[in-house]
Amino acid sequence: AAMSALANVHGITFSFMKSIGGKHALLQQFPTIKEQILPRHGKVRKDVQKYVLPFLVYMAKIKPDISQQVQVLSKFHKFLYKVYSDIQENEELMRLKTLVHGDAKLDNFLFKKDNFDGQDEKYTAMIIDWQGCGFDLVSNDLMWCLYGFIKNLPETGEMIHGFVEYSLVEYWDSLKIVLKAFGDTCEDFNLPENSEWAAEIIKEGFTLEFMKNAIIRPVLSLKNKELLLQWFEKITSGSPDEPPPPEGEIFKTETYANFIYLFFKIGTEVNVFSHLGKVLFTQMKEAMFSDFDPDKDSDSDEELLNGIVDKEDIKKGCKLNQAESNNSGEEKPVNGDNNEGESIMNENAEAAANDTAAEVEANEVSNIDKLTTEASKLKESLNNALEALTAVEELKKDTETNNEVDESLEKCKESLSEMYNLSPKLFPALKPDPPKTVTSMYGKVYNLKS
C-alpha cells in the first residue's frame, strides 16, 4: 500500500509535468516547491576533500555504533567526492526526479484496511504532512519508507535485500499503472520499462541520497571547520584520547549529528554500502593505473562553463582574438625607406632563429618536467593502491566475496604482472616465481601445481 501511495504521487506529477511543459514549468507554477540540489564548483570539491576525513573520524568518535561503516569510508575518503559527482552525471537516474514528500517515514502514512474477511488482507494508504516536499529523486521517498518497514523486520541479510528488491519492483509496476491511466508510458519520459532494471537505478539513487545527506551536505555546513581540524591534528599527532569538541560547536545544531547517524542507519539497512563499496573499489582500480588525481578531479573551470558557454564558441573566440591581434599588427604602418624595411626583416629573422633555439631548449626542460610529474603521479597512485588494498583486506575478513570481486582481484594480479614486464628494475619484487618442477628418474620434467 505504501509503495502504491508513493507511485501515485510520483506518477501523477510525471504526467502533470508533461502536460504543462516540464520541470521548469512546474517549479514556476508552484514556487514553494524547491529542487533539492547542492552547489557544484571547485570550492565545494576542495572543501569536501579537505574536511571529509576529519568529519568521518569525528562521527566515529561521537557515534561509535557506525564506526565500522565510517572506517570503510575513511579508507576511500579521497574518492568520495568523485563518486558523488559521477553518480550525479547518471542521466538515467536524474530522470527519476519528481515531486517528493521529503519525509516519507511510516509515521506520515495513514493506512486503511479494505477488507475484513480475514483472507488476503488489503490496505490502501495516503501520505500526510507535506511541509517538507520538494523536487528530488523518487529514491528519497522510497529510502525513508522502506527503512520504516525494514527496522521492524526480524530478518537480516539476504532476506532484507530480497524485501527491498521486491518492494521496488512493486513500486515501479504501480508507477507504470498510474502513467497508463493518464495515457502515458515510460517511454514518454525516457524511463526504463523493465521493473528490475528500474529497481537498480533507484538503488543507485539510494547511494546518492546517502552521500548527499550523510557526507557532502554535513561537511559543507560545518559550523567550525578550524576547530574540527585542530582536534583531528591532535588525535593523529600522538594524542588519540583527545576528547572530541561538543557537537553544538561542530554542527549547525546540537542534534544534527543524530540526523547524520540516522542516514547511516538507513543506508546500512537498504544496502547502500554494498553498492558504494563496489564503486569505490572501481575508482581505486582506475586510480592505480591512470592519471586520475582525486584532488583535481571534477568541476574544473572548463566543466563549469559547460551548459553556459559552448566549448567550440570558446575556441572560436580564442582564434578570433588571435586573428584580430595579427591583423592589428599588419595595419600598423612602417615608417622609413626600403633599407629600414630590410633591417626590420633581418631583425625578425634573427629573432625567429633565437626563438627556435629557445624552443628546443624549452622542450628538453619540458621533458624533464614531464618525467618528474609522471613519477610523482606514479608514486601517488601506488600510495592510493596501498590504502585501498589495506581496506580490501580488512573487508575480506568479515565479508564474503562474489564473482565480481574475485574478477577484479584477478585483474589486479594481471596489472601487477604488466608493471613488472614494463619495468623489472623498478619493481623487482613483482617478479613471478619460476614454476616448480620435478624431474622423473627418466629425465622428464613435470610442472607442479602451485
Side-chain angles (χ1 to χ4, degrees), residues 38 40 42-88 207-222 224-237 240 242 244-245 250-251 257 260-261 263-264 267-268 272-288 290-299 377 379-396 398-399:
L38 290 176
R40 295 185 65 195
K43 188 178 185 306
V44 170
R45 173 180 55 77
K46 290 176 182 177
D47 279 355
V48 172
Q49 296 292 68
K50 183 176 181 180
Y51 299 110
V52 69
L53 183 57
F55 160 76
L56 290 171
V57 174
Y58 180 78
M59 285 301 301
K61 281 285 187 181
I62 64 174
K63 301 292 182 183
D65 287 354
I66 58 172
S67 59
Q68 186 176 358
Q69 295 95 315
V70 169
Q71 185 179 9
V72 173
L73 295 177
S74 298
K75 295 287 186 182
F76 295 96
H77 71 275
K78 291 184 177 180
F79 303 102
L80 288 173
Y81 185 81
K82 179 69 165 63
V83 170
Y84 167 74
S85 181
D86 285 352
I87 295 177
Q88 283 192 310
T207 302
L208 182 61
E209 288 297 316
F210 167 78
M211 297 192 74
K212 180 172 67 176
N213 292 287
I215 301 176
I216 307 298
R217 181 173 280 139
V219 169
L220 296 179
S221 62
L222 287 170
N224 195 332
K225 295 183 175 72
E226 294 309 314
L227 179 62
L228 178 64
L229 281 182
Q230 291 170 10
W231 171 78
F232 179 70
E233 288 173 1
K234 288 180 181 179
I235 67 168
T236 54
S237 302
E242 179 74 17
I250 297 298
F251 298 120
I260 300 169
Y261 170 79
F263 251 97
F264 267 88
T268 302
V272 159
F273 287 92
S274 175
H275 173 260
L276 185 55
K278 292 177 183 177
V279 178
L280 288 169
F281 187 73
T282 301
Q283 290 288 347
M284 179 272 296
K285 286 196 302 179
E286 292 178 357
M288 285 175 64
S290 72
D291 293 337
F292 167 66
D293 183 349
D295 295 326
K296 299 178 182 178
D297 52 341
S298 58
D299 300 331
K377 288 180 181 178
K379 177 185 174 183
E380 182 67 21
S381 296
L382 292 175
N383 286 337
N384 291 337
L386 186 59
E387 288 183 13
L389 179 60
T390 303
V392 169
E393 291 300 321
E394 192 70 26
L395 288 168
K396 284 169 63 179
D398 303 317
T399 308

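The model shown is predicted, which means the values in this text are computed figures rather than measured ones. If you read the sequence from its start, that first residue is 1, and numbering goes on from there. Both backbone and side-chain heavy atoms feed into the values below; hydrogens, waters and symmetry mates do not.
- Heavy atoms only, all atoms of each residue included: D47 and V219 are closest at O-CG1, 4.0 Å.
- In this structure, I215 and F210 have side chains that are in contact, with non-hydrogen atoms separated by less than 4.5 Å.
- Residues F264 and D65 fail the side-chain proximity criterion, which asks for heavy atoms closer than 4.5 Å.
- Contact between S74 and L56 at its shortest, heavy atoms only, is OG-CB, 3.7 Å.
- What you find for Y58 and P244 is that their closest heavy atoms are CE1-CB, 3.6 Å.
- For the atom pair OG (S85) and CG (L208), the distance works out to 10.5 Å, reported to the nearest 0.5 Å.
- Ring centroid separation for the pair F232 and Y51 does not come in under the 6.0 Å cut-off.
- Here the shortest heavy-atom pairing between M211 and L276 reads SD-CD1, 3.8 Å.
- No side-chain heavy atom of V48 sits under 4.5 Å from any side-chain heavy atom of L80.
- By the 4.5 Å heavy-atom criterion applied to side chains, D86 and Q283 are counted as neighbours.
- Nearest heavy-atom pair across E242 and W231 is O-NE1, 3.1 Å.
- Between A388 and F76, the shortest heavy-atom distance links the atoms CB-CE2, 4.1 Å.
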